[in-house]
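These numbers come from the heavy atoms of this one structure, side chains and all, not from hydrogens, waters or symmetry mates. Convention: sequence-line order gives letters A, B, ...; per-chain numbering from 1.
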Protein chains: 2
Amino acid sequence: SSYQGALTLKMKLELARVVRGTGRLGVLRGLGRTAQHSLEVPGCLLYTHLGAVPHLTQDTLHTLSSLPSVTQVTLAEHQEVLEEFKDGFRKFAGLHDTLLYCSLHDSAAPCPTGYTTNKTVSVWGSGGRIELTVAKFMALQKAVQPDWYQSMADGETWQNNTSRKRVRKSVDRTLAHLDECLLAHQNSQVKNTRVGVVEGGDIPEERVRSARETAKRPVAGFCLDGLQTGSMDQALRTQLIAAVTKELPEEKPRSVLLGVGRPDEVLACVEVGVDLFESFFPFQVTERGCALCFSFNISLDPEDTAGETQHNGDVSLDDQTRMTSFEMNLKDKRYHDDFRPLVEGCGCYCCKNHQRAYLHHLLVTNELLAGVLLTIHNTAHYQGFFSALREAVAGDKLDILRRRVLRERKE
Amino acid sequence: SSYQGALTLKMKLELARVVRGTGRLGVLRGLGRTAQHSLEVPGCLLYTHLGAVPHLTQDTLHTLSSLPSVTQVTLAEHQEVLEEFKDGFRKFAGLHDTLLYCSLHDSAAPCPTGYTTNKTVSVWGSGGRIELTVAKFMALQKAVQPDWYQSMADGETWQNNTSRKRVRKSVDRTLAHLDECLLAHQNSQVKNTRVGVVEGGDIPEERVRSARETAKRPVAGFCLDGLQTGSMDQALRTQLIAAVTKELPEEKPRSVLLGVGRPDEVLACVEVGVDLFESFFPFQVTERGCALCFSFNISLDPEDTAGETQHNGDVSLDDQTRMTSFEMNLKDKRYHDDFRPLVEGCGCYCCKNHQRAYLHHLLVTNELLAGVLLTIHNTAHYQGFFSALREAVAGDKLDILRRRVLRERKE
């Protein structure tokens, strides 16, 4: 295709294992300007809030092992200063060697609906709504200088009961935006790698149409949009994803980024062929003063229930801000004299140096260090889960992992 | 004296230089359980908010050079859990090798007056007021296990226009508390080093009486209380401190901790013989989104005014939370496209890696990383000022330093 940029060609997804119903295992190679980066799949991008990992300096961040090589950013409100700075967001933010993936919306901040037109979409930053045309969107990409960017899309059909007409319009608009992005791309100096966005709400035929049409365009990968928690139940989501991934070329990565991050959801998506996720979930857990504590050790005897089963709360499908069963609420009084690490055996800085009782005290006294320590633990824990996930796909042990992850739930 | 504990004897202030009106220079040696620590004077303690350095892990903290060897804590609300933990606060908080100095009040949180009785004083934590008797106070020290603790004191006479009768009562009560502490100390297993507190409000005769009487007791050092910003002007404060230090033995350290932290105040106190301070000031500067930027480089040509003179705000004597002329307000729009480091030539992690424009963006978008980066810079800058201060005392250059620090003020 004449659209195809030189750099896109360097990127290659090497799949080591693809078994329908048990996920895809592989490595995305040749990423970045000099093709020096790679990313294992299933994997996740490093979540940032407006370009910064909450609470952590780059140096502290890089003390974590197995960090994703791709950082996800949403930067519409930085456009002006980045245009003046000229050297792109990576340098502006003093980021260490990383790939940048530019998303449209922040996963941890749900965006209101009703602001999309045929020619514009709206995104929300700390200063309120910013309306983007394709021209403004492409100027933003030029200022941010990401390695990947997600094409502009009308994603307002994630809510239940969106009409078929509205869903159809969202698919059409998203394809039109993509075509306009590709055209602008061709005519501009921006040589980033673009990701096509698959819409279609909860209507299988529209999902399939969106996937087929997007796959015809020269995109480097696919982002399945509008599947966030609260919009549909997991069975329907899985069915829609399966219908979509069947239409997509095997050699290009598929991501489900916006609003899907709980380990049970990630597992279900991986089983139907999704490769990439965002890591906004550990950030949300941190913000509510909780610590991830679910088990993902598949080498343990699956019958072993000697581990902790004291998790509180319940999996809530309709509220992303509510506590889940994968975490412990460290503000709870029960932890005030619990002198164990957050997770026994965890190798993170927080668990190696501090006990639950100390975290409890930091939280109840509103100490700012709590957020730092929880970010370190929750990020490490979530990355550990993704390592276990790849190991499980490789060893055909997704079932064991699912039972391990969900063991505290009565089913 | 029969009060004197074995460990107190190990501590020794070696004074290299004492010139009335130009400060004392020396090293406090033999600190800590195994006498392995030392602390240069003039110097400052590491401020913590309820035992945690805001925003920083111990590992990040220890990437800073020339960190004080003494950490200041106020921990009344941790008493219960520390009694259960048994191994002291240093271990509870996972602190690196440091001395602990236990203060009564948090310098960055002014405490209401009107809650002192003959037998009790009140302290304020995040959960509200905690009333302490000497017995409860000594039990707290036993649980915290600090290396130094400040004796219980009635410090409610810092406000202007406190009556002579009330000031006299505060001196009497504070001496009575000290005697009770010493007695309890003698009868308990607590072998910490106690610091006597000098009260006396703004009445010179009461200051002198408090100093003389405290100096008769077996204390390891003296803390001059009730001199905080807003309570009196600097000339009166200097006069009171001079009257007090004349009464104190040369070989024991004198501190002015609560509420005195601005560089001009520190300079004035050092000139009349004060050795130790707290570092709550850089924390307050961080909390208001500002960066310390005053110059303390005494090797520069004193006539050189090529440096930055764009500081805003003014020195406010009556509000600790208001911005001072020693800092820059990074939220100000002028910094949105300022791609310089906070302070040219500063070697801290923040200045080496980030520009003012990035800090501005973190602050206006409420990014949590802003507090981390500002804490790193402001702590490093304040420690740098204390290094320069010692250098100035050593080289008889306090005048040059004062002019350097205050150069942006019209006088």
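Side-chain atoms of A/L369 and B/V53, non-hydrogen and from C-beta on, never get closer than 4.5 Å to each other.
Once rounded to the nearest 0.5 Å, the distance linking CG of B/D337 with CG of A/L82 reads 12.0 Å. Interatomic distance, OG1 of A/T375 versus CG of B/L368, reported as 8.0 Å (0.5 Å rounding). Remark: B/I376 CD1 to A/T57 OG1 distance equals 5.5 Å, nearest 0.5 Å.
Looking at A/H361, the atoms closer than 4.5 Å to chain B (heavy atoms on both sides) all sit in the side chain, from C-beta outward. For A/Q58, the parts sitting under 4.5 Å from any heavy atom of chain B are the backbone and the side chain alike. With a threshold of 4.5 angstrom between heavy atoms, B/E84 approaches chain A through its backbone and through its side chain. Only the side chain of A/T60 has a heavy atom closer than 4.5 Å to any heavy atom of chain B. In this structure, chain B has no heavy atom under 4.5 Å from any part of A/N366. Neither the backbone nor the side chain of A/E83 has a heavy atom closer than 4.5 Å to any heavy atom of chain B. Residue A/L373 touches chain B through its side chain alone, counting heavy-atom pairs closer than 4.5 Å. When heavy atoms are compared at a cutoff of 4.5 Å, A/H49 approaches chain B by way of both its backbone and its side chain.
The shortest heavy-atom contact between A/Y358 and B/G51 is OH-O, 4.3 Å. Considering every non-hydrogen atom in both A/V81 and B/H336, the closest pair reads CG2-O, 3.0 Å. Counting all heavy atoms, side chain and backbone alike, A/A52 lies closest to B/E367 at CB-OE1, 3.7 Å.
Interface remark: of the candidates A/A93, A/P54, A/G371, A/C350, A/A93 forms the most heavy-atom pairs closer than 4.5 Å to chain B.
Remark: A/E80 CD is loosely packed, at most 12 non-hydrogen atoms of other residues, nucleotides or ligands lying under 6.0 Å away.
A ring-centre distance under 6.0 Å is not found for B/H55 and A/H55.
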Query raised in the report: Could you go step by step and tell me if B/V372 and A/L56 meet the side-chain contact (heavy atoms from CB on, under 4.5 Å) rule?
Result: CA-CA 7 Å; B/V372 179; A/L56 301 194; over 6 Å; no
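Distance alone, capped at 3.5 Å, is enough to place a donor-acceptor pair between the A/Q355 side chain and the B/F92 backbone. With B/Y349 contributing its side chain and A/D59 its backbone, the two residues share a donor-acceptor pair below 3.5 Å.
Aromatic ring orientation, B/F339 versus A/F85: tilted (interplanar angle from 30° to 60°).
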